[in-house]
Amino acid sequence: MSGGTRARSFKLHLKNSLALRPFAPEDVGPLMALFRDSVRKVARRDYSDEQVRAWAPDEMDIAAFGARLGRQTVLVAIEGEAIAGFAALDGQGHIDLLFVHPDHQRKGAGRLLLQGMEDAARATGLPRLSAHVSLTARPLFEAMGFAALAARQVPLRGQILTNFRMEKPLQTPGQPS
Ligand SMILES: CC(C)(COP(=O)(O)OP(=O)(O)OC[C@H]1O[C@@H](n2cnc3c(N)ncnc32)[C@H](O)[C@@H]1OP(=O)(O)O)[C@@H](O)C(=O)NCCC(=O)NCCS
C-alpha cells in the first residue's frame with residue numbers, strides 16, 4: 001500500500017467519526033435550535049432573509065415541534081458529543097425534515113441521515129421515499145438517487161418558497177429489479 005493511499009484512508013476515517021442515534025425526548029429543544037440555525041444560516045444561501053424568517057420564525061411552538069417529531073422516525077447525527085443534524089420520516093415514506101448544523105456542513109452528515117431514512121423505510125417495506133426538497137438540499141438528494149418530479153411554489157407566512165417534489169423508488173429484498 002502506498003503512502004498516498006494510507007493518507008486517504010485516514011481522511012475517510014475522520015469523516016466516519018459521524019454516527020446516527022435514535023431521537024430522545026430531551027433532543028426537542030436542541031433540534032429546534034438546529035433547525036432554525038440551519039435554515040437561517042445555510043439555506044439563506046438560496047432564499048432571501050424574508051423567506052428564511054418565514055420558514056424558521058423567531059417564535060416557534062416547541063410543543064408542536066416535539067409532537068411532530070414524536071409521530072415520526074427521527075434519527076440524530078452526532079459527531080462526538082455534538083449534534084450534527086437530524087432527519088424525520090413519516091409512516092408513508094415521506095422525509096419531513098432534514099437539517100444539518102451550520103458548523104457540520106459538507107462532512108457527510110446529510111448523506112448519513114438520508115441513508116438512515118432509507119434503511120428505516122426499507123425495513124418497514126415502504127416502496128418509495130419522497131420529500132419536498134429545498135434548493136439547498138437538491139444536490140444531496142440527487143447524489144443519493146432521488147429524482148425531481150415537480151417544482152413547487154409554497155406559500156408560507158406571507159412568502160413564497162420554491163422547493164421540489166423528489167422521489168426515490170426502493171426495492172425491498174426479494175423483489176425483482
Ligand atoms: C442540504 C444539507 C442537509 C446537506 O447536508 P450536508 O451534511 O452538508 O451534506 P453531505 O456532506 O452529506 O453531502 C453529501 C453530498 O451531497 C452533495 N452536496 C451537498 N451539499 C452540496 C452543495 N452545497 N453543493 C453541491 N453538492 C452538494 C454532494 O454530492 C455531497 O458529496 P461530496 O461532499 O462528497 O461532494 C445541509 O446543507 C442543510 O442542512 N441545508 C440547510 C437546510 C435544508 O435546506 N434542509 C433540507 C430541507 S428539504
Side-chain angles (χ1 to χ4, degrees), residues 8-9 11-21 23 31 34-52 54-56 68-69 72-79 82-156 159-173 175-177:
R8 191 157 67 238
S9 306
K11 192 174 164 213
L12 286 172
H13 178 71
L14 284 179
K15 273 200 168 190
N16 288 343
S17 63
L18 281 164
L20 294 181
R21 67 160 172 79
F23 160 76
L31 296 190
L34 188 154
F35 163 80
R36 188 184 285 114
D37 272 0
S38 180
V39 170
R40 291 200 179 181
K41 295 180 185 160
V42 183
R44 177 67 183 84
R45 195 163 67 221
D46 300 300
Y47 298 89
S48 71
D49 200 39
E50 291 76 15
Q51 287 173 320
V52 294
W55 187 356
R68 182 174 175 183
L69 294 180
Q72 307 196 55
T73 300
V74 179
L75 293 175
V76 178
I78 51 170
E79 190 167 19
I83 295 181
F86 71 102
L89 178 72
D90 78 11
Q92 282 71 53
H94 186 79
I95 298 168
D96 179 40
L97 300 162
L98 173 65
F99 294 90
V100 171
H101 190 280
D103 294 344
H104 293 266
Q105 292 292 306
R106 215 63 194 265
K107 297 197 292 186
R111 190 186 288 276
L112 188 67
L113 284 161
L114 216 39
Q115 187 61 54
M117 297 280 95
E118 186 172 328
D119 292 346
R122 284 184 193 281
T124 54
L126 288 164
R128 72 184 59 78
L129 284 172
S130 66
H132 295 147
V133 178
S134 68
L135 290 157
T136 319
R138 184 172 169 167
L140 166 66
F141 278 76
E142 283 175 341
M144 294 294 285
F146 284 72
L149 303 185
R152 306 165 74 239
Q153 304 295 325
V154 183
L156 186 64
Q159 298 292 314
I160 307 280
L161 280 76
T162 299
N163 66 25
F164 303 91
R165 177 165 178 89
M166 297 187 77
E167 282 191 6
K168 178 176 183 174
L170 303 177
Q171 260 133 32
T172 43
Q175 273 189 328
S177 55

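In what follows, every heavy atom counts, from backbone to side chain, and hydrogens, waters and symmetry copies are set aside.
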> With a 4.5 Å heavy-atom cut-off, do Val154 and His132 have their side chains touching?
Replying inline: no
>> Tell me if a side-chain donor or acceptor on Ser38 pairs with a main-chain N or O of Phe35 at a distance below 3.5 Å.
In response: no
> Do you know the tightest heavy-atom contact between Arg68 and Leu97?
Replying inline: NH2-CD2, 3.5 Å
> Roughly how far, to the nearest 0.5 Å, is CE of Met166 from CZ of Arg128?
Replying inline: 15.0 Å
>> Do Leu140 and Leu98 have side chains that approach each other closer than 4.5 Å (heavy atoms only, starting at C-beta)?
In response: yes
> Does a side-chain heavy-atom distance below 4.5 Å link Gln51 with Val39?
Replying inline: no
>> Less than 4.5 Å apart, side chain to side chain, heavy atoms only: is that true for Phe164 and Leu135?
In response: yes
> What are the two closest heavy atoms between Ala131 and His94, and how far apart are they?
Replying inline: CA-CE1, 3.6 Å
> So, Asp37 side chain and Arg40 main chain: donor-acceptor pair closer than 3.5 Å or not?
Replying inline: no
> Taking all atoms of both residues into account, what is the closest heavy-atom pair of Glu79 and Ser17, and its distance?
Replying inline: OE2-OG, 3.2 Å
>> Walk me through whether Ile95 and Leu114 qualify under side-chain contact (heavy atoms from CB on, under 4.5 Å).
In response: CA-CA 9 Å; Ile95 298 168; Leu114 216 39; 3.5 Å; yes
> Out of curiosity, Asp49 CG to Arg44 CZ, how far, rounded to the nearest 0.5 Å?
Replying inline: 5.0 Å
>> Is there a side-chain contact (heavy atoms from CB on, under 4.5 Å) between Thr136 and Tyr47? Walk through the geometry before answering.
In response: CA-CA 9 Å; Thr136 319; Tyr47 298 89; 3.9 Å; yes
> With no hydrogens and no angle check, is any side-chain donor or acceptor of Gln105 less than 3.5 Å from a backbone partner on Val100?
Replying inline: yes
>> Which residue is it: Gln92, Glu167, Lys168? I am looking for the one with a side-chain contact (heavy atoms from CB on, under 4.5 Å) to Ser130.
In response: Glu167
> Between Ile83 and Arg21, is a side-chain contact (heavy atoms from CB on, under 4.5 Å) present by the stated rule, with each step listed?
Replying inline: CA-CA 10 Å; Ile83 295 181; Arg21 67 160 172 79; 4.0 Å; yes
>> Show the nearest heavy-atom pair for residues Val74 and Leu69, with the distance to one decimal.
In response: CG2-O, 3.4 Å
> What distance separates Gln153 CD from Thr162 OG1, expressed to the nearest 0.5 Å?
Replying inline: 3.5 Å
>> Please enumerate all residues that pass side chain to side chain contact (heavy atoms under 4.5 Å, CB included) together with Ala137, with sequence neighbours excluded.
In response: Val133, Ser134, Phe141
> What's the spacing between Leu113 CG and Phe99 CZ if we round to 0.5 Å?
Replying inline: 11.5 Å
> If you measure from CG on Leu170 to CG on Leu126, what distance do you get to the nearest 0.5 Å?
Replying inline: 7.5 Å
> Atom CG in Leu89, atom CG in Asp119: separation rounded to 0.5 Å?
Replying inline: 11.0 Å
> What heavy-atom pair brings Ala54 and Leu156 nearest, and what distance separates the two atoms?
Replying inline: CB-O, 3.5 Å
